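Have a look at the structure below, then the notes.
No experiment lies behind these values; they were computed from the predicted model shown.
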Amino acid sequence: MLCGMIQKKKKAGTPVYINVYDLMPINRYAYWFGLGFYHSGVQVYGVEYAFGGSDSSKPGVVKLEPRHFQGLHVRKSILIGRTEMSEKDCQEFIKKLAKEYPGNGYNIIYRNCNHFANDTCRRLTKKSIPGWVNRLARLNFIYSCLLPDGWNEIPPRPAVVAAKHNNKPPAP
C-alpha cells in the first residue's frame, strides 16, 4: 500500500554524460589501477562535443555523433549530472566555450580533451568528471621525460597568442 503512495521525484533538467574512450590497448589493465590513456567528450542533447589539437587558432572543439570517436573503444559513458539549460542555450554556451579552446592551445598534459570535458561538465552541472579519466596528465612528472620534445610545454594563453598576432603587448 505504501509503495503506491510514494511517488518518485522526477529529475529535472537534461542529462549530461561524459563518454570516455580508450586511447591505448594497455588501458584494459591500467584501468583497474586507476590509470590509463583516455579521450573524453561531453554528450548533451544527443550531441557529443570534444576538444582536439591543430595548428589553427580556430576553436578546437568538434561536434560528433555520441559514442563514435574515430573508431575508438568506449570505456564508459558516465552520467555526470543534469543541466537546466535549454537546447538552444546549451548550443550557444558551447560556441562561446569553444573560443576558449583554440586548436593550437591543445597540450596533452596541461590542456587536453579531458580538461575540456571537465570544464564543460562543471559549467553545465557544477560537477566534475571522475579523477581517473585525466589522472596521468596530473601525474605528468612521472613520465614527462618520456614524451617527445614540445609535448610538455604549457600552451600560451589565448590572449597572449592574439596579442602577438596583432603586434600588441599582451593583456596583464
Side-chain angles (χ1 to χ4, degrees), residues 13-24 27 36-140 147-148 150-166 168 170-171:
T14 299
V16 176
Y17 294 90
I18 179 177
N19 295 324
V20 182
Y21 302 84
D22 286 327
L23 287 176
M24 302 184 94
N27 286 1
F37 297 93
Y38 303 104
H39 168 78
S40 63
V42 177
Q43 180 182 331
V44 63
Y45 285 107
V47 178
E48 184 170 331
Y49 301 93
F51 174 54
S54 73
D55 291 335
S56 174
S57 61
K58 292 181 181 177
V61 176
V62 294
K63 186 176 172 179
L64 309 160
E65 180 181 346
R67 300 174 54 93
H68 288 87
F69 182 77
Q70 298 180 355
L72 292 176
H73 172 259
V74 177
R75 163 68 50 191
K76 282 189 168 195
S77 285
I78 304 166
L79 176 64
I80 299 298
R82 296 178 173 275
T83 184
E84 297 296 324
M85 284 187 197
S86 69
E87 186 171 2
K88 183 180 177 184
D89 289 343
C90 190
Q91 289 170 350
E92 289 300 314
F93 160 74
I94 296 291
K95 282 181 189 176
K96 288 179 185 174
L97 181 63
K99 292 177 183 174
E100 297 177 28
Y101 286 86
N104 62 1
Y106 182 92
N107 179 281
I108 196 165
I109 294 173
Y110 299 105
R111 194 165 178 82
N112 63 36
C113 56
N114 303 317
H115 291 106
F116 168 78
N118 190 55
D119 190 16
T120 304
C121 288
R122 290 188 63 166
R123 294 187 195 192
L124 287 174
T125 69
K126 298 185 179 24
K127 296 180 183 173
S128 297
I129 67 173
W132 59 267
V133 175
N134 207 26
R135 183 166 288 136
L136 280 182
R138 289 192 313 274
L139 297 175
N140 74 70
L147 294 174
W151 281 31
N152 205 20
E153 295 174 5
I154 299 173
R157 292 190 347 242
V160 173
V161 172
K164 284 182 181 179
H165 289 296
N166 295 330
K168 294 178 184 173

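- Every residue two or more places apart in sequence or in another chain that forms a salt bridge (Lys or Arg N to Asp or Glu O under 4.0 Å) with Glu92 is listed here: Lys95.
- The stretch residues 122-132 participates, sequence neighbours left out, in these side-chain hydrogen bond (donor to acceptor under 3.5 Å, both in side chains) pairs: Glu100-Arg123, Asp119-Arg123.
- A heavy-atom distance below 4.5 Å is found between the side chains of Ile80 and Pro130.
- Under the 3.5 Å distance criterion, the side-chain polar atoms of Asp22 are left unmatched by any main-chain donor or acceptor of Met24.
- Between Pro66 and Gly46 the shortest heavy-atom distance is CG-O, 3.3 Å.
- Of all non-hydrogen atoms in Cys121 and Val42, the two that sit nearest each other are SG-CG2, 4.0 Å.
- Counting only heavy atoms from C-beta outward, the side chains of Val20 and Asn114 never approach each other to under 4.5 Å.
- Checked against a 6.0 Å centroid threshold, the rings of Tyr21 and His73 do not count as neighbours.
- When side chains are defined from C-beta on, Ile18 does not count as touching Ser77, because their heavy atoms never get closer than 4.5 Å.
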Do Tyr49 and Leu97 pass the side chain to side chain contact (heavy atoms under 4.5 Å, CB included) test, and can you show the C-alpha distance, the side-chain angles, and the key distance before you say yes or no?
CA-CA 11 Å; Tyr49 301 93; Leu97 181 63; over 6 Å; no
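- For Asn27 (side chain) and Phe37 (main-chain N/O), a donor-acceptor pair under 3.5 Å exists by modelled atom type.
- The shortest non-hydrogen separation linking Ala50 to Gly41 is CB-CA, 4.2 Å.
- The shortest distance between side-chain heavy atoms of Thr83 and Val44 falls below 4.5 Å.
- Rounding to the nearest 0.5 angstrom, the gap separating the OG atom in Ser40 from the CZ atom in Phe69 is 9.5 Å.
- Side chain to side chain, Asn118 and His115 fail the donor-acceptor criterion of an N or O pair below 3.5 Å.
- Of all heavy-atom pairs between Arg82 and Gly13, the closest is NH1-O, 3.1 Å.
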Dump the intermediate steps for side chain to side chain contact (heavy atoms under 4.5 Å, CB included) on Tyr17 and Ile78, then the final yes or no.
CA-CA 5 Å; Tyr17 294 90; Ile78 304 166; over 6 Å; no
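- Between Asn19 and the choices Arg67, Gln43, His39, His68, the side-chain hydrogen bond (donor to acceptor under 3.5 Å, both in side chains) rule is met once, by Gln43.
- When ring centroids are compared, Phe51 and Tyr106 come within the 6.0 Å threshold.
- Here the CG-SG distance, from Leu124 to Cys90, works out to 5.0 Å after rounding to the nearest 0.5 Å.
- Judged by the 6.0 Å and 45° rule, Arg111 forms no cation-pi pair with Phe116.
- Looking at Arg75 and Tyr38, their side chains come closer than 4.5 Å, going by heavy atoms from C-beta outward.
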